[in-house]
S.K.: 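Once you've had a glance at the structure underneath, I'll fire off some questions.
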Amino acid sequence: MTEETNIPAETGAAAERATRSGFVALIGATNAGKSTLVNRLVGAKVSIVSHKVQTTRAIVRGIAIHKNAQIVFMDTPGIFKPRRRLDRAMVTTAWGGAKDADFIMFLIDSERGLKGDAETILEGLKEVHQPKILVLNKVDRVKPEDLLKLTAAVNEVVKFERTFMISALNGSGCEDVMDYLAAALPEGPWYYPEDQISDLPMRQLAAEITREKLFLRLHQELPYSSHVETEKWEERKDGSVRIEQVIYVERDSQKKIALGKNGDAIKAISTASRKELSEILEQPVHLFLFVKVRENWGDDPARFREMGLDFPTS
């Protein structure tokens, strides 16, 4: 279900020649489904997904071509009340991404509605002047009358150009979002080559995939005090690639959790990550994971730079 658009349609040869491009920032509370939606709209995995909140730490750009438009989706960290230095960096990055975009897409989990962080984000959007669209996710789990009430309540606080009701998981309603953005973005040349789907370096994407598998395997046992870095990437003559990564934790007790009994946890994480990397790279992958203790890495500016975050000084 969507509202009618007032954007005029171009016709004739001019419409065929003109290209459009722009940046669309997805913002929302943690676990609203932003990464799942970006992957759906791009048509490939560019952002990691887990059931654990605050999985996305820095802006991940996914690039989609739709009709004559190149749409660069900016998957931002979930916005929440920060407690640690890393939290503050993530929230600052999310709002910074919103203010740098041509369009802002505010994603709400329809089941949760405006509870908690979503209401705080909505208030913050009053100070952001870019055009905004509202996207209600997981609408297949909510009664239509409740969706209409939620739409009205949100638009009473901030005026949105359009409201879309979708399911990022099954793709329902996503084509309408793409159609709208393809027509609404400004005319201009594309920013990236046509076959590029992300601006994330492959070494960093590989580290993110391993971090996803770490979260999926240990999301109850291991705290957020973990970070993955790709330290070695070697293309081999037989067409395979050797990748060495380090999982950094803050305490010996966390290292034991990451390794698991008899190394079972790290073996499972390595197997899952290696399988997905082989599929993405379309070549055999030899993945070697190491777990190291680096106390207070969350206060190390170098680690923030590695993650693509600015280091908060206070």
Side-chain angles (χ1 to χ4, degrees), residues 1-3 5 7 20-43 46-47 49 56 58-67 69-80 90-91 93-110 112-114 117-139 147 150-151 153-155 157-169 171-186 191 197-199:
M1 290 184 285
T2 61
E3 299 171 0
T5 177
I7 294 178
R20 296 178 180 272
S21 59
F23 291 81
V24 179
L26 273 74
I27 68 168
T30 57
N31 262 4
K34 297 185 298 301
S35 297
T36 301
L37 180 57
V38 166
N39 292 339
R40 168 69 64 179
L41 297 178
V42 172
V46 295
S47 190
V49 179
T56 302
I59 291 176
V60 176
R61 294 174 182 85
I63 305 160
I65 305 296
H66 190 72
K67 297 182 178 178
Q70 185 178 73
I71 309 167
V72 185
F73 292 101
M74 304 163 66
D75 183 13
T76 63
I79 298 175
F80 57 100
M90 290 162 60
V91 171
T93 295
W95 281 117
K99 293 175 181 178
D100 288 340
D102 297 290
F103 257 83
I104 293 171
M105 185 187 301
F106 179 35
L107 189 65
I108 294 181
D109 181 333
S110 298
R112 297 204 306 254
L114 281 176
D117 294 325
E119 185 174 16
T120 302
I121 297 168
L122 184 61
E123 289 294 324
L125 283 174
K126 291 179 179 179
E127 308 301 320
V128 180
H129 303 297
Q130 285 92 331
K132 296 173 277 288
I133 60 175
L134 173 65
V135 178
L136 303 183
N137 191 21
K138 307 177 185 179
V139 297
L147 292 172
L150 178 58
T151 300
V154 173
N155 277 275
V157 181
V158 173
K159 178 61 178 176
F160 289 86
E161 304 288 328
R162 285 280 298 271
T163 297
F164 295 90
M165 301 185 183
I166 70 155
S167 168
L169 198 59
S172 173
C174 291
E175 189 75 8
D176 293 335
V177 176
M178 296 294 283
D179 287 344
Y180 176 82
L181 291 173
L185 289 175
Y191 292 99
I197 61 171
S198 175
D199 67 348

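Residues take their numbers from the sequence shown, with the count starting at 1. Since this is a predicted model, take the numbers as computed values, not measurements.
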S.K.: Which one of L37, N39, I63, L181 satisfies the side chain to side chain contact (heavy atoms under 4.5 Å, CB included) criterion with F73?
M.R.: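 So the option named by the test is L181.
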S.K.: Suppose we screen for salt bridge (Lys or Arg N to Asp or Glu O under 4.0 Å). Which residues come up paired with K132, at least two apart in sequence or across chains?
M.R.: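 So K132 forms no salt bridge (Lys or Arg N to Asp or Glu O under 4.0 Å) with any residue.
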S.K.: For residues L185 and Q70, report the shortest heavy-atom separation together with the two atoms involved.
M.R.: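 In this case the closest contact between L185 and Q70 is CD1-O, 4.1 Å.
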S.K.: M74 and L26: side chain to side chain contact (heavy atoms under 4.5 Å, CB included), yes or no, with the steps?
M.R.: CA-CA 6 Å; M74 304 163 66; L26 273 74; over 6 Å; no
S.K.: Please assess D102 against V24 for the test side chain to side chain contact (heavy atoms under 4.5 Å, CB included), listing each intermediate value before the final yes or no.
M.R.: CA-CA 6 Å; D102 297 290; V24 179; over 6 Å; no
S.K.: Say you draw a straight line from CG of L122 to CD1 of I27; how long is it, rounded to the nearest 0.5 Å?
M.R.: 9.0 Å
S.K.: Any side-chain to backbone donor/acceptor pair from N137 onto A168? Under 3.5 Å, distance only.
M.R.: yes
S.K.: Which atoms form the tightest heavy-atom contact between A184 and F103, and what is the distance?
M.R.: CB-CZ, 3.7 Å
S.K.: Mind checking the CG-CG spacing from L134 to L136? Nearest 0.5 Å is all I need.
M.R.: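 Result: 4.5 Å between the selected atoms.
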S.K.: Below 6.0 angstrom between ring centroids: does that apply to Y180 and F164?
M.R.: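 Ring centroids of Y180 and F164 are less than 6.0 Å from each other.
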S.K.: So, for A29 and A118, which heavy atoms are closest and what is the spacing to 0.1 Å?
M.R.: CB-N, 4.1 Å
S.K.: If you round to the nearest 0.5 Å, how far is CD1 of I104 from CD1 of I133?
M.R.: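 The CD1 atom of I104 is 10.5 Å from CD1 of I133, to the nearest 0.5 Å.
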S.K.: Got V154 and L150 here, is their nearest side-chain heavy-atom distance under 4.5 Å?
M.R.: yes
S.K.: Is any side-chain heavy atom of M165 closer than 4.5 Å to one of T151?
M.R.: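 In contact.
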S.K.: For side chain to side chain contact (heavy atoms under 4.5 Å, CB included), just list the numbers for S21 and V72, CA-CA rounded to whole Å, side-chain angles, deciding distance to a tenth of an Å, and then say yes or no.
M.R.: CA-CA 8 Å; S21 59; V72 185; over 6 Å; no
S.K.: Taking all non-hydrogen atoms of both residues, which atom of M105 and which atom of V177 are closest, and how far apart?
M.R.: CE-CG1, 3.8 Å
S.K.: Examine Y191 together with F23 and report whether their ring centres are nearer than 6.0 Å.
M.R.: yes
S.K.: Start with the C-alpha distance between R162 and D176, add both sets of side-chain angles, then the distance that settles salt bridge (Lys or Arg N to Asp or Glu O under 4.0 Å), and finish with yes or no.
M.R.: CA-CA 11 Å; R162 285 280 298 271; D176 293 335; over 6 Å; no
S.K.: Give a yes or no answer on whether the side chain of R40 reaches the backbone of L169 with a donor-acceptor pair at less than 3.5 Å.
M.R.: yes
S.K.: Using 0.5 Å steps for rounding, measure from the SG atom of C174 to the CG atom of D179.
M.R.: 11.5 Å
S.K.: Can you tell me how far the CD1 atom of I108 sits from the NZ atom of K138, to the nearest 0.5 Å?
M.R.: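 Answer rounded to 0.5 Å: 12.5 Å.
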S.K.: Starting at NZ of K34, measure out to CG of L107 and round the result to the nearest 0.5 Å.
M.R.: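 Spacing of NZ (K34) from CG (L107) equals 7.0 Å.
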